[in-house]
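One structure is given here, and the rest of the page talks about it.
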Amino acid sequence: MRGAAEPLLAGHTVLEVTRHGKHILLRFDHGTLAIHLGMTGKLLVDGVPTAYLRAEFVMDGCRLLFDDIRQFGRMAWGSGLPANVARLGPDPLEISAEAFAERLRGKRGRVKAVLLNQVFLRGLGNIYVDEALHRAGVHPLASSLSRARAVRLHGEIVAVLKEAIAGGGSSISDYVDTEGRRGSFQDRHRVYGREGEACLGCGGAVKRIVVAQRGTHFCPNCQRK
DNA sequence: AGTATGACCTGATGGC
DNA sequence: TGCCATCAGGTCATAC
C-alpha cells in the first residue's frame with residue numbers, strides 16, 4: 001500500500017471485503033479498514049491514476065486505487081470496527097418491517113432527515129431517500145407515520161435498494177464500480193433530479209424543496225404528510 | 001433531541 | 001472569452 005496507512009498495512013493480507021452501510025470494509029488479521037467513497041470517490045482495480053489519487057493498495061495480482069475528485073471520501077481504521085462505523089444503525093435490508101416501524105415510532109422530526117441519519121438506519125443517501133418516499137407515498141416533511149405507512153415505507157426502501165443494486169447504482173456524474181463501469185439506476189429515478197417534470201404516478205409536476213440542507217424531490221399530489 | 005449553519009472540495013453551469 | 005457566484009452532496013463540528 002502507498003499512502004498514509006502504509007506502515008499499518010504493509011505485509012498484511014485482506015481476509016474479506018464486506019459492506020457496512022456506505023462503508024466498504026477491508027478486514028485484515030489485525031483490524032479493519034473502512035473506506036467511505038463520499039460523493040465522488042472510486043475504488044478501481046488496476047485503474048489509471050489521476051491527479052486525485054488518495055491511496056494505492058499494491059497487492060499480489062492487482063493494484064487497488066482510491067481516487068476521489070472532491071475528496072469527501074475517507075478511510076478509518078479500527079482494531080475491531082472503526083468507531084464511526086460501529087455506531088451506525090441497522091441495515092435496511094436486514095431489519096424487519098416491524099422492527100423498522102417500531103424504531104421510526106421512537107423518532108421525532110421530518111422523516112427525510114430521520115432516514116438520512118446513519119445512526120438511525122445505515123446506507124441511505126439523498127437519492128434513495130427521495131425515491132423510497134415517493135414510492136411509499138410519504139411526504140418528505142411528514143413527521144409521524146402510522147404503523148401501516150411505516151411498514152410500507154420499509155418495503156419501498158428495500159425495493160429501491162435492491163433495484164438500484166441490480167442496476168449497478170446511480171451514476172449522476174462520477175460513480176463507477178471497481179471496473180470503471182457506470183450504473184444505470186439514474187435512468188429509473190422517479191423524482192430525483194426531475195424537478196418540473198411529470199410525476200410518473202399522476203402526471204403532476206415534480207417539486208423541489210430543501211430539507212435537511214438537501215435538495216429534495218417529491219410529488220405534492222402523490223406524497224402526503 | 002431537534003434543527004440549522006458552515007466547512008470541507010472540485011467541476012459544471014449560468015449570468016454578465 | 002473570461003471571470004465570478006452558485007450548486008451538488010456525506011459527514012462532522014458547532015451553536016441554538
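Per chain, numbering begins at 1; letters A, B, ... match sequence-line order.
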Check: Once you round it to whole Å, what is the distance between C1' of B/dT10 and CZ of A/Arg54?
Finding: 13 Å
Note to self: If I take atom CD in residue A/Gln71 and atom C1' in nucleotide C/dT11, what distance separates them, rounded to the nearest angstrom?
What the structure shows: 15 Å
Item checked: Value in whole Å for how far the P atom of B/dA4 lies from CG of A/Asn117 -> 14 Å
Next item on the list: Using the six-membered ring for Trp and the full ring for Phe, Tyr or His, decide whether A/Phe72 stacks on the six-membered base ring of C/dT11 (centres under 5.5 Å, planes under 30°).
Entry: no
Next item on the list: With heavy atoms under 4.0 Å as the rule, sort A/Arg108 into base, sugar-phosphate or nothing.
Entry: sugar-phosphate
Notebook entry, point to check: Of A/Arg87 and A/Val210, whose nearest nucleotide on DNA chain C comes first from the 5' end?
Noted result: A/Val210
Checklist line | Whole-Å gap separating C1' (C/dT11) and CG (A/Asn126) | finding: 13 Å
Next item on the list: Report the distance from atom CD of A/Glu195 to atom C1' of C/dC7, rounded to the nearest whole Å.
Entry: 13 Å
Checklist line | Donor-acceptor pair present, A/Arg70 side chain and C/dG9 base, under 3.5 Å | finding: yes
Next item on the list: Could you check how far CG of A/Leu88 sits from P of C/dT11, rounded to whole Å?
Entry: 8 Å
Check: With distance as the sole criterion, is a donor-acceptor pair present between the side chains of A/Ser170 and A/Tyr192 under 3.5 Å?
Finding: no
Notebook entry, point to check: Side-chain N or O of A/Arg110 less than 4.0 angstrom from OP1 or OP2 on B/dA4?
Noted result: yes
Checklist line | Euclidean distance, atom NE2 of residue A/His217 to atom C1' of C/dC7 [Å, nearest integer] | finding: 12 Å
Margin query: Return the CZ to CG distance between A/Arg74 and A/Leu37, rounded to the nearest 0.5 Å.
Written below: 12.5 Å
Item checked: Sugar-phosphate, base or nothing in reach of A/Gly215, heavy atoms under 4.0 Å -> sugar-phosphate
Notebook entry, point to check: Could you give the CG-to-P distance, from A/Leu37 to C/dA8, as a whole number of Å?
Noted result: 22 Å
Next item on the list: Would you mind telling me which of C/dT11, B/dT10, C/dA8 lies closest to the side-chain atoms of A/Ile69?
Entry: B/dT10
Item checked: Toward the 5' end of DNA chain B, by each residue's nearest nucleotide, A/Arg214 or A/Lys107 -> A/Lys107
Item checked: Under-4.0 Å salt bridge between A/Arg188 and A/Glu163 -> yes
Next item on the list: Using only side-chain N and O atoms of A/His36, determine if any of them is under 4.0 Å from OP1 or OP2 of C/dG10.
Entry: no
Notebook entry, point to check: Do A/Phe218 and A/His139 have their ring centres less than 6.0 Å from each other?
Noted result: yes
Next item on the list: May I ask you to establish whether A/Arg182 and A/Tyr175 are in a cation-pi arrangement, using a distance under 6.0 Å from NZ or CZ to the six-membered ring centre and at most 45° from the ring axis?
Entry: no
Next item on the list: Please work out if A/Gln118 contacts a base, only the sugar-phosphate, or nothing of the nucleic acid, heavy-atom cut-off 4.0 Å.
Entry: sugar-phosphate
